[in-house]
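Here the structure is laid out as structure tokens; the discussion comes afterwards.
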Amino acid sequence: MSDTLAIAAEKAGSEPARFDFAAAEPRWQQAWERRGCFRVADVPDDGLPKYYVLEMFPYPSGKIHMGHVRNYTLGDVVARYKRARGFSVLHPMGWDAFGLPAENAARERGVHPARWTYDNIAAMRAELQRMGLSLDWSREFATCDPEYYGHQQKLFLDLWRAGLVERRESWVNWDPVDGTVLANEQVIEGRGWRSGAPVEKKLLSQWFLRITAYAPELLSALDGLERWPERVRVMQAKWIGRSEGAKLRFPLLRPVGSIEGVEVYTTRPDTLMGMSFLALAPEHPLAAAVAESDPQAAAFIAECRRLGTSEAVIETAEKRGFDTGLCVDNPFLPGQTSPVWIANFVLMEYGTGAIFGCPAHDQRDLDFARKYALPVPPVVLPPGADPATYAIGDTAYVGPGVMFNSGFLDGLDTEAAKRAAIAELERQGAGKGEVNWRLRDWGVSRQRYWGCPIPMIHCDACGIVAVPDSALPVRLPEDVTFDRPGNPLDNHPSWRHVACPECGRPARRETDTFDVFVDSAWYFARFCSPRAAVPMARDAVDHWLPVDQYIGGIEHAILHLLYSRFFTRAMRDTGHLAEREPFAGLFTQGMVTHESYRTADGKWLYPEEVERQPDGSAIHRDTGEPVSVGRVEAMSKSKRNTVDPGAIITRFGADTARWFILSDNPPDRDMEWTEAGVSGVFRFTQRLFRLAEAVEAAPTPAPGTGFGDAARTLRRATHHAIKAVTDALESFAFNVAVARVHEFANAMADAEKVAEAPDHPGLAWARTEAVETLARLISPMMPHLAEEIHARLHPEAESLVAELSWPEADPAWLAVESVTIAVQVMGRLRGTITMPPGAEAGDVVAAAAVEPNVARALQGKRVIKRVHVPDRIVNFVVAE
RNA sequence: GCGGGAGUGGCGGAACGGUAGACGCGGCGGACUCAAAAUCCGUUGCCCGCAAGGGCGUAGGGGUUCGAAACCCCUCUCCCGCACCA
């Protein structure tokens, strides 16, 4: 089937009755470009309302994939629709161009990262342009352009001056073979993903952006993001992770070196009198101090470190600990001490890296206490429990209750006890109430070449000195080698040597580059004034931001979106813009999936290597060997279940690809790409073309009142389609918009049938109206075919559908001439009647009652209630 | 475990509390053709019935309502996210 279709598609050029997409699509793309249809000014003076549509910009891998097609089609529908609705639409495109793949290509194939990246950009730009997207290409930039990253360096220095940048030590995943820091997702089973070497935890000085300074605002402002998916807001809220509790200090009975006590954060200060032990994270300073004189402690800590890096949390659900022999006092229980343990389940990164263990009311603490036979004193009595007999088994009681065994807290409920405990801690000076956040500051240092250089200088005399604004951008050197492990910037013979801007003596450049998430944390702002001499022109960003509709994958729900929200606030506080939130509306699309195929010996096959048999089985196209059809799953190179958008556009055209990707299902769900689906859509494009072909430009003016039945029916269908498609597009229900166009096409086909017969007043005019309307209604989805249809009706005119306004439904033609009213008896459908719209209730009920089938159902029954919903339903309620 | 989302024909999916299954795919039957493709027409939730018609039906069980796929309660299944966060 696909072969024959391909032939049909290829023949399309030679047969005039077909839509020759291969010729038409480039022609219209050039026409849009020539007329600058999609260009807008940085600060427009057209007085139109603004609308900023943005899709997440791509990493330039070199080829677009179906996920891109879906993403950019969705955005383009919105952009074209809003433009037609009279908005001045900003719809830009650029490249998220820094990152590791370019460096890997350099190491593996000897291509310079810049060369590799710009070649890929050229290839991908050409593919995107074939899709016919309504982009303002004059705004294009790549984040690896020195112009772009120079402005990023300026932003960073502004943050530095505003106190939003810190340099401090932190634990990182270190690959000793590659000599580089690894992100968590690059550590696989405790080993570097490239080198395979066991990853070490290493303490390194890193640059941090103080995102935590905005934690309260980032959390509270989530409530205002009404056009964001609920789940993204929830994920961000959990990531930010606000908790209320108390921080308190436990004095050690005997100091260890200079350490005299341990700070602990808890959300359950009410349970302090149920304390059984104190536990330290293995990385805790006190643990390290103990280890200095205790080889066994050192061995335990080393063991934890080895397991800890490997994300082995899952397999080591088992809790393990080491008793240091130390003891602490409890501020609420004078004279009673608790042992200090080192425990593998305590996280250094959260709170203070130490906890107090209350096993009766915390499951983790209970597991630990049972394992090491520590006491489990209960202090919270669940509702209805008997204090005389209440005991904890294998399940901790974490719910609310009434305090007992707790001295001054006895009798209080959990919430009151928390408040009373905090008040008492504060009175004693032993601790205080505190809000804690899970969010960590953002470590942005990467020991890599292909990233934006961090514009800082290390001077032995002056310390850390910022590169002066006048010396920006700090450019990456081009003459780098990748033949040695580690960061090429460190290995470069001269680049790092620089005179200190303050004292003039020899100093060293920072050789770390920024995390690529910094690049994408402000690009939406740069798009507003992409050629400005400053990071962003204030009047341009104040005009265009926030992005009205942002569209992309759910995988960026947390990091990219949170960093962008942070950066926007940081840019506000450094005077670059006024806006608070970057993205007023967010839409997260589903994945594109496909069947997967493999041969008997387990080799994955590409879809084009597989042929389906009439009986549903599959064989290898060339060898004829049987192929097993696997699950439908996300397209991935490893499963080879990918379809190349370029090949699809060549065979079927961009409009077909766009329409299919919109039509299959709602855009937030995963969609399945199928051959049958594409073929069906291809046929539909040809059908629309034929329907339009059959219609001549009708004489203007309209024939006034001279519309016969057929013309009236078609005009009603036309205006109904306008309303229905508009409603669907407004609600992001693109699959429904597609269905409404199908209905409209069916109505047009019906009109064509009767048009053969003579004497249909006004039908020719109505058919022209229908075709003109069709062109505009499909234009957001199938822009090329829309232009083609429009041009055939107006061969002399210069106008483009891309420049036309959206059609308006005429209410007069939305009105129906009769309505079908369902008639129920006791809520069960017994018949339907046809009435004029707005008929009197009495008339409708009377007509309903005599409908034969209804009358039979009412036979011998006493009607006790008649429900009438105008133009919709009549329901007779009868007594039994 | 916690959180979020989803369960509707063979399939993707429609459906302001008001005729469930729009629209498409697929299937079946037919027209056109030497034949095929393309195109066009009809049909297509399940069961009973020659028909008229009737029964069942939106994961399952209850409830609210004249009327529930939709609202409420309980249960089940699947997908996604987070997961020793003190």
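Order of the sequence lines sets the chain letters (A, B, ...), proteins ahead of strands, with each chain counted from 1. All values reported here derive from a predicted model rather than from experimental measurement.
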(message) Among A86(B), G13(B), C40(B), which nucleotide has an atom closest to any side-chain atom of Arg687(A)?
(response) C40(B)
(request) Give Thr266(A) one of three labels, base, sugar-phosphate or nothing, depending on what nucleic acid heavy atoms sit under 4.0 Å from its own. (result) sugar-phosphate
(request) Provide the Watson-Crick or G-U wobble partner of C76(B), both distances under 3.5 Å; none if there is no partner. (result) G7(B)
(message) Please tell me if Lys238(A) has a side-chain N or O lying less than 4.0 Å from either OP1 or OP2 of G4(B).
(response) no
(message) Heavy atoms only, 4.0 Å cut-off, all strands: where does Glu743(A) land among base, sugar-phosphate and nothing?
(response) sugar-phosphate
(message) Let's test this: given Watson-Crick or G-U wobble pairing with both distances under 3.5 Å, identify the partner of G12(B).
(response) C23(B)
(message) Starting the side chain at C-beta, find the nucleotide from G53(B), G4(B), U19(B) nearest to Arg872(A).
(response) U19(B)
(request) Check the distance between C11(B)'s P and Asp664(A)'s CG and give it to me in whole angstrom. (result) 14 Å
(message) Is Asn665(A) close enough to G13(B) that one of its side-chain N or O atoms is under 4.0 Å from OP1 or OP2 there?
(response) yes
(request) For Asp365(A), report the nucleic acid contact type (base, sugar-phosphate, nothing); a contact means any heavy atom under 4.0 Å. (result) nothing
(message) Return the pairing partner of G67(B) with a 3.5 Å limit on both distances, Watson-Crick or G-U wobble; otherwise return none.
(response) none
(request) Go ahead and name the base partner of G57(B); Watson-Crick or wobble counts if both distances stay under 3.5 Å, otherwise write none. (result) none
(message) Syn or anti for G9(B), given that syn means the glycosidic angle lies within 90° of 0?
(response) syn
(request) Could you check which of G81(B), C66(B), A38(B) has an atom nearest any side-chain atom of Asn875(A)? (result) C66(B)
(request) With P as the reference atom in both, quote the distance from G55(B) to A6(B) in angstrom, rounded to an integer. (result) 33 Å
(request) Under 4.0 Å between any heavy atoms, over every strand shown, what does Arg440(A) touch: base, sugar-phosphate, or nothing? Just pick one. (result) nothing
(request) In whole angstrom, give me the gap between the C1' atoms of C11(B) and C16(B). (result) 28 Å
(message) Applying a 4.0 Å non-hydrogen cut-off, can you work out what Val346(A) is touching in the nucleic acid: base, sugar-phosphate, or nothing?
(response) base
(request) Enter the distance from Thr656(A):OG1 to Ile648(A):CD1 here, rounded to the nearest 0.5 Å. (result) 9.5 Å
(message) Need the pair for G17(B). Rule: Watson-Crick or G-U wobble, both distances under 3.5 Å, any strand; none if unpaired.
(response) none
(message) My understanding is that a pair needs two contacts under 3.5 Å, Watson-Crick or G-U wobble. By that rule, which nucleotide pairs with G42(B)?
(response) C28(B)
